[in-house]
Protein chains: 2
Amino acid sequence: MAQNDTVTRILDTAEVLFAERGFAETSLRTITSKAKVNLAAVNYHFGSKKSLIQAVFARYLDPFTERFHRALDALEARHGGQAIPLEELLETLAGSVLEVPAERNSLKVFMRLLGLAYSQAQGHLRRYIQEEYGGVFTRFTALIRVATPELPDSERFWRLHFMLGSVIFTFSGLDALRDIAEKDYDEHVTVRDLVRRLRPVVVAAMQAPLPPSVNAQEA
Amino acid sequence: MAQNDTVTRILDTAEVLFAERGFAETSLRTITSKAKVNLAAVNYHFGSKKSLIQAVFARYLDPFTERFHRALDALEARHGGQAIPLEELLETLAGSVLEVPAERNSLKVFMRLLGLAYSQAQGHLRRYIQEEYGGVFTRFTALIRVATPELPDSERFWRLHFMLGSVIFTFSGLDALRDIAEKDYDEHVTVRDLVRRLRPVVVAAMQAPLPPSVNAQEA
DNA sequence: TTACGTTTCAAACAAATGTTTATAACTGGA
DNA sequence: TCCAGTTATAAACATTTGTTTGAAACGTAA
């Protein structure tokens with residue numbers, strides 16, 4: 001139990017600090033002193049700072065991918081080979097994202113970490129996430145393809161990334177944006193609230209009319 | 001000229017490295033050695049690393065804000081006090097953004113820096129940008145407000161940030177995404193092409209139906 | 001208890017960081 | 001030419017970083 005306790009305390013503290021300041025800006029000494037464990041404990045239990053970062057992600061992404069896969073299984077079964085509407089796919093994604101960290105009441109941390117994974121270069125992290133969790137994303141985009149047959153493949157590709165950008169950008173800058181929103185509109189914004197606001201926006205964006213076709217636009 | 005040369009070489013090198021790796025991950029020694037100037041030159045010419053970061057931003061944002069202000073002046077004059085349609089506002093923003101770094105062919109760097117300014121905590125940076133360049137953004141959002149009277153203020157605030165995320169995320173990850181698109185869809189994507197694709201998406205997103213009102217969603 | 005594998009701990013390590021200093025080199029005007 | 005003032009340079013500075021070490025403390029099964 002002593003071991004488990006130390007490992008958990010490190011992970012709990014690290015994920016919060018990483019989410020607040022980023023990876024490079026958070027030192028092992030800050031983590032270990034705040035977690036009230038010895039400095040060497042990180043290298044003993046995780047091996048290195050890089051591995052600690054990956055472990056922090058794994059603790060969120062492992063349960064997420066499992067649940068998301070299961071949710072997609074259920075969704076596919078329910079539609080028995082028929083195309084699944086776009087809204088349901090998005091709903092399932094949002095549901096799976098929201099479910100996982102609800103247990104620890106740290107959805108904000110989860111989102112901010114996802115944002116950091118993209119925005120902070122950290123080559124090893126992107127590689128790790130791609131190799132470890134790229135499969136679900138591939139499965140999901142294949143289903144989106146069936147749900148939006150009117151979109152050319154390349155157009156859908158870009159729109160999905162536009163939307164991914166909205167989500168990641170918003171959540172990874174959440175604290176700052178929330179402060180502004182709170183001050184200017186006297187409104188306390190929860191993550192669930194943002195998901196609620198995102199839903200119609202994402203659907204509308206994916207269903208927007210196609211851009212005028214390219215004529216002589218090369219540069 | 002020797003002075004100007006050193007200052008410029010530092011800025012040119014720093015902005016690329018910052019965009020590639022982030023601020024904390026880029027040391028002054030990396031910058032100065034790559035720029036072929038003495039290590040102390042940064043502290044001599046800029047005072048500190050923080051000030052260098054701000055100078056990198058200023059070199060993009062100063063000309064941008066000036067041009068954008070002028071473009072908005074012209075737009076307002078052309079409509080003589082009448083409300084300006086959303087499409088025209090977005091068009092003007094896109095035009096101003098595209099104009100500035102075109103001179104140095106570094107739109108990608110500009111976008112990536114903007115993304116970092118939001119995602120990296122770096123308190124001093126956000127404060128600096130807000131104090132120095134908050135004005136244009138305020139002016140622009142005020143015009144957007146007139147163009148979208150059907151949106152509640154807070155809803156418009158969030159949707160603007162959703163779209164900001166799409167743009168910054170897409171352009172700051174442009175190289176990687178372009179490679180994928182090229183390989184998977186045999187399509188060479190230009191920046192103008194992306195702007196063309198973004199236009200209908202952004203308009204549709206801003207005009208999406210309002211989300212269902214909040215009932216008992218607090219957490 | 002004894003003995004053994006695991007975990008903790010304080011200390012030290014080498015490397016890297018931003019910044020400062022003192023000296024040299026250069027610049028343009030008297 | 002000589003002299004300010006500006007810029008460049010190498011060296012050193014004090015911190016901070018991630019990691020390693022060796023001994024102590026702990027828990028557990030024989």
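Throughout, protein chains are lettered first and strands after them, A, B, ... in sequence-line order, and every chain is numbered starting at 1. Since we're looking at a predicted model, the values are computed, not measured. Side-chain atoms are counted along with the backbone in the values below, which use heavy atoms only and exclude waters and symmetry mates.
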A.B. asks: By nearest heavy atom, map A:Thr30 and B:Asn38 onto DNA chain D; which one lands nearer the 5' end?
C.D. replies: B:Asn38

A.B. asks: For D:dT17, take OP1 and OP2 only and decide whether either is under 4.0 Å from a side-chain N or O of A:Ser27.
C.D. replies: yes

A.B. asks: List the residues meeting side-chain hydrogen bond (donor to acceptor under 3.5 Å, both in side chains) with B:Thr30, not counting sequence neighbours, and say none if there are none.
C.D. replies: B:Ser27

A.B. asks: Expressed in angstrom and rounded to an integer, what is the separation of B:Arg29 atom CZ from D:dT16 atom C1'?
C.D. replies: 13 Å

A.B. asks: Would you say B:Tyr44 and B:Thr6 are linked by a side-chain donor-acceptor pair, where the criterion is simply a distance under 3.5 Å?
C.D. replies: no

A.B. asks: Whole angstrom is fine here: how far is it from NZ in A:Lys50 over to P in D:dT17?
C.D. replies: 18 Å

A.B. asks: Considering just the side-chain nitrogens and oxygens of A:Thr6, establish if one lies under 4.0 Å of OP1 or OP2 belonging to C:dT8.
C.D. replies: yes

A.B. asks: C:dA10, D:dT19, D:dA10: which one has an atom nearest the side-chain heavy atoms of A:Ala40?
C.D. replies: C:dA10

A.B. asks: To the nearest Å, give me how far apart OH (A:Tyr44) and P (D:dA25) are.
C.D. replies: 17 Å

A.B. asks: Tell me the interatomic distance from A:Lys36, atom NZ, to C:dT7, atom C1', rounded to whole angstroms.
C.D. replies: 20 Å

A.B. asks: Using atom CZ of A:Phe18 as one end and atom C1' of D:dG18 as the other, report the distance to the nearest whole Å.
C.D. replies: 12 Å

A.B. asks: Which part of the nucleic acid does A:Thr26 contact within heavy-atom distance under 4.0 Å: base, sugar-phosphate only, or nothing?
C.D. replies: sugar-phosphate

A.B. asks: Rounded to the nearest Å, what distance is computed from the CG atom of residue B:Asn43 to the P atom of nucleotide D:dT7?
C.D. replies: 15 Å

A.B. asks: Going by heavy atoms in the side chains, are B:Phe57 and B:Asp62 under 4.5 Å from each other?
C.D. replies: no

A.B. asks: Let me know the distance between CG of A:Leu39 and P of C:dA14, rounded to the nearest Å.
C.D. replies: 17 Å

A.B. asks: Could you give the NZ-to-P distance, from A:Lys49 to D:dT16, as a whole number of Å?
C.D. replies: 15 Å

A.B. asks: Classify the ring geometry between A:Phe157 and A:His161 as parallel (under 30°), tilted (30 to 60°) or perpendicular (over 60°).
C.D. replies: tilted

A.B. asks: B:His45 side chain N/O closer than 4.0 Å to the phosphate oxygens (OP1, OP2) of D:dA8?
C.D. replies: yes

A.B. asks: Filter on salt bridge (Lys or Arg N to Asp or Glu O under 4.0 Å), then keep only pairs touching residues 152-161 of chain B, sequence neighbours left out; what's left?
C.D. replies: A:Arg197-B:Glu155, B:Arg145-B:Asp153, B:Asp153-B:Arg156, B:Glu155-B:Arg159

